[in-house]
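One structure is given below, encoded as structure tokens.
Side-chain atoms are counted along with the backbone in the values below, which use heavy atoms only and exclude waters and symmetry mates. Note that the coordinates shown come from a computational prediction; the quantities given were computed from them, not determined experimentally. Throughout, protein chains are lettered first and strands after them, A, B, ... in sequence-line order, and every chain is numbered starting at 1.
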Amino acid sequence: MTTPQVQRQIVYRRPKALNDVPTHYCPGCTHGIAHRLVAEVLDEMGVIEKTIGVASVGCSVFGYNYFECDFVEAPHGRAPAMATGIKRVIPDSIVFTYQGDGDLVSIGMGEITHAAARGENITVVFINNAIYGMTGGQMAPTTLPGQKTTSSQNGRDVKRMGYPIRMSEMLATLDGASYVVRRSLHDPANIRKAKKAIRTAFEVQHQGLGFSLVELLSTCPINWGMSPVEALKWVEEHMVPVYPLGDYKVSPTVAALRIR
Amino acid sequence: MPRVRGWIEVDESHCKGCGLCVAACPQDVMHLDPERLTSQGYHPAALKSEGCTGCGICAIVCPDAALTVFREVIAPQRQATAAAA
Ligand SMILES: Cc1ncc(C[n+]2csc(CCOP(=O)(O)OP(=O)(O)O)c2C)c(N)n1
Ligand code: SF4
Ligand code: SF4
Ligand code: SF4
């Protein structure tokens, strides 16, 4: 007779860096996945005690309720300016902003551009869901050509309403930016890649290598009028072609970074 | 060959019944339990049949970090493995 050896493992458990509070996000909204990935990275790096988040205006306005670190709430679009001040006053802290595309690309275009140009040593988590989620699904600068929103009811007409702005590509032209990449949250393989990029971005800051930004293609099932599963498909089929995934800026010092 | 058995626990205070885990599970062993309602009024995710491998994919796609994934590897004793080999 042989006695089998039983090995029990916990494959996954909720990250400690997330508070035990249910979020206000709609069911299946990938804002939640982005939160989880940031929390996992803060846990893995063991920096939660010295991290300060800067929430923006948009659906993630209550972000400060969901993480176990200190948090402040910035006026609409101004999170990178606030993060600049905090990081300069407390240089040993880890400072990140969490901003939607309405916040970052529209009203906050000036702040993000200058923070990147100055090479501020902060990390930006940029959620691109191609719409203003919080206020009821209006057109954003990132809305796709032809996409129907409450303020472009026949679809975005680029002749009249302009073209979508590819923020990662734009910021990558700035000498101050050290790490600028775009990832997506639409399936498990891409979620893994997104987490790796978020980890790299925080490491860039941790080692004092300058400005880092991870753009994440994300869903807004409610305002897109889709089920959560359909919304993931829509990201893959419609958003990725307009917003190609990739590394837009990896400075030589960042390229030399080795992360366990 | 070691046998692998997995299972999940769903935290019903966080689960919003979005179904992303159900769609992503490679073994197709999950469903939204029609018999249960969470305090927020959602049908929560649950295992519907045997066959979970503990791969963790459901947890990777869960926006509400509602899932804990366990895995049990049952290896025959070393002697037996040697004999079999
Ligand atoms: C100064 C100012 N202007 C406008 C608004 C209205 N407003 C609130 S959220 C928002 C846009 C949010 O969109 P986004 O940043 O894409 O975040 P999402 O909700 O999609 O996550 C706007 C325009 C405001 N709160 N303050
Ligand atoms: S409105 Fe859209 S972005 Fe906001 S929580 Fe709901 S699904 Fe997410
Ligand atoms: S751990 Fe894997 S097999 Fe088990 S329920 Fe989750 S996705 Fe399905
Ligand atoms: S993905 Fe998470 S929140 Fe959605 S049904 Fe599954 S366990 Fe519940």
Would you say that A/T200 contacts A/I259 through its side chain, given a criterion of any heavy-atom pair below 4.5 Å between the two side chains? yes
Least distance between heavy atoms, A/R183 atom then A/G246 atom: NH1-O, 3.4 Å
Which residue out of B/I74, B/V73, B/V22 racks up the most heavy-atom pairs below 4.5 Å with chain A? B/V73
For each of A/R192, A/K195, A/R8, tally heavy-atom pairs with chain B at distances under 4.5 Å, and name the one with the top tally. A/R8
Considering only heavy atoms, which portion of A/R36 lies under 4.5 Å from any heavy atom of chain B: side chain, backbone, both, or neither? side chain
According to side chain to side chain donor-acceptor pair (under 3.5 Å), does anything in residues 232-241 of chain A pair up with another residue at least two apart or in another chain? List the pairs. A/K233-A/E236
What part of A/L185 gets within 4.5 angstrom of chain B, counting heavy atoms only: side chain, backbone, both, or neither? neither
Does the separation of the ring centres of A/F96 and A/F71 fall below 6.0 angstrom? yes
Side-chain polar contacts of residues 12-20 of chain B - donor-acceptor pairs under 3.5 angstrom, sequence neighbours left out - could you list them?
residue: B/E12; atom: OE1; partner: B/R36; partner atom: NE; Å: 3.4
residue: B/E12; atom: OE1; partner: B/R36; partner atom: NH2; Å: 3.0
residue: B/E12; atom: OE2; partner: B/R36; partner atom: NE; Å: 2.8
residue: B/S13; atom: OG; partner: B/D11; partner atom: OD1; Å: 2.6
residue: B/H14; atom: NE2; partner: A/D20; partner atom: OD1; Å: 2.7
residue: B/K16; atom: NZ; partner: A/T23; partner atom: O; Å: 3.2
residue: B/K16; atom: NZ; partner: A/T23; partner atom: OG1; Å: 2.7
residue: B/K16; atom: NZ; partner: A/Y25; partner atom: O; Å: 2.7
residue: B/K16; atom: NZ; partner: B/D64; partner atom: OD1; Å: 2.9

Mind checking salt bridge (charged side-chain N to carboxylate O under 4.0 Å, His left out) for A/D43 and listing every partner two or more places apart, or none if nothing turns up? none
Looking only at side-chain N and O atoms, does A/S218 offer a donor or acceptor that is under 3.5 Å from a partner on A/N129? no
Test A/C69 against every option in A/I52, A/T51, A/I94 by the side-chain contact (heavy atoms from CB on, under 4.5 Å) rule and name the one that passes. A/T51
Let me know if A/I191 has heavy atoms under 4.5 Å from chain B in its side chain, its backbone, both or neither. side chain
Need one label for B/E9: side chain, backbone, both or neither, based on atoms under 4.5 Å from any heavy atom in chain A. neither
What are the residues of residues 47-62 of chain B, in order of number, with any heavy atom under 4.5 angstrom from a heavy atom of chain A? B/G54, B/C55, B/G56, B/I57, B/A59, B/I60, B/V61, B/C62
Once you measure the plane-to-plane angle for B/W7 and B/F70, does it fall in the parallel (<30°), tilted (30-60°) or perpendicular (>60°) bin? parallel
Among A/S227, A/G32, A/C26, A/P15, residue most engaged with chain B (heavy-atom pairs, under 4.5 Å): A/G32
